[in-house]
Amino acid sequence: MYEGIIDFRSDTVTRPTKEMLEAMLNASVGDDVLGDDPTVNELELLASRITGHPSALFLCSGTMGNQIAIRVHTSPGDEIIVEDDSHIFQYEAGGAAWNSSVQLKTIEGNFGIINIDEISNSIREDDIHLPRTSLICLENTHNNSGGVIIPIDYIKSVSELAKSKKIKTHLDGARIFNASIASGISVSDYAENFDSMMFCLSKGLASPIGSILVGDEEFIKKARRVRKVFGGGWRQAGYLAACGIISLTKMVDRLKEDHEKARLFADQLSELEEISFSIETVQTNMIYFKINSISIVDFFKRITERNLLALGHGDKIRFVFHKDVSFEDVEKAIEIIKDIV
Ligand SMILES: *Cc1c(COP(=O)(O)O)cnc(C)c1O
């Protein structure tokens, strides 16, 4: 169906590899709600080893992982601190209010980084009039800032602050493997600073479906129950877990190619005066840019006519780089953009 189309909308469009399809055919499966799917159990063990957290839970989506984490870490009426342009605040359909009856204290960040004093000042005192601050969430890489990496020193200072105030921390690490490959800092070094972390197998890591939530044993035991409440208990999930195992063992190192594609694209784009973006935000596999010569509507009309897909984001255009666009495709996209802007 995708014949001839170059799809830069998201790394979620990546198709499973041939090896993944074969692994699905050959997977040993059981009933995961009953706890006896061996391939799911193997994937969860592997995820726990890689992240350094004692326990892991395989889920259908990243959104479900974030929502379950919020539910487990909070009680109704609590307040959670999130960055203003975070996925949890912007793109989870108000789920924190809906699923967990918590309110969000959003703080404007700078490329995903919320000033530490502002976090500190936002933490509520123990007072019968006030909501309880029970959770701080960060996002790494920070999607809406262009896939930028959140510095580890900053993460450590947020983690220390939270610990000193007895507040839980959760990392939306949908693309934590991109952050790790680009920064050289291991996923476990990022993850150890949080009580829980979610990451996606279904983005750059190329699984068709699936995300993972990690934390300590008590947290994951509760998370497993909340997943059931959310209707997320699944049966022969081992067919999907088989892909997830390949994502974690074979698809991580190649993310650096996606970053090189983004870099190539950014370097070429930076030569066009009709286009603006800040090159220092191009750190992993995406880029957001503005065009000043034609309207966004015209831009999308013209690229679509030429079989190129991307996404709009307010007054910006987003291109995401992944295994199913080649370096040649990137060159082709640049030629098309040069033609139309
Ligand atoms: C994609 C994404 C999610 C959610 O993942 P889904 O599997 O699409 O629900 C969460 N956070 C961030 C930063 C994301 O980019």
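Note that the numbering runs from 1 along the sequence shown for the chain. Indexing begins at 1, ligand by ligand and atom by atom, following the structure's order.
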State if Arg175 counts as touching ligand 1 under the rule of any non-hydrogen atom under 4.0 Å.
yes

Short list, please: which atoms of ligand 1 are under 4.0 Å from a heavy atom of Cys200?
5 (O)

Would you mind running through ligand 1 and noting each atom that sits below 4.0 Å from a heavy atom of Asn66?
10 (C)

Side chain, backbone, both or neither: the part of [X] lying under 4.0 Å from ligand 1 by heavy atom:
X	result
Thr12	neither
Thr63	both
Met198	side chain
Ser86	neither
Ser61	both
Glu139	side chain

Do Tyr288 and His313 have their ring centres less than 6.0 Å from each other?
yes

Taking the ring centre of each residue, are Phe319 and Phe289 less than 6.0 Å apart?
yes

Taking Asp11 as the fixed residue, which of Lys261, Lys203, Arg175 is the one that meets the salt bridge (charged side-chain N to carboxylate O under 4.0 Å, His left out) rule?
Arg175

Ring-plane angle category for Trp234 and Phe58, please: parallel below 30°, perpendicular beyond 60°, tilted otherwise.
tilted

May I ask you to check if ligand 1 and Lys203 share an N or O to N or O distance below 3.5 Å?
yes

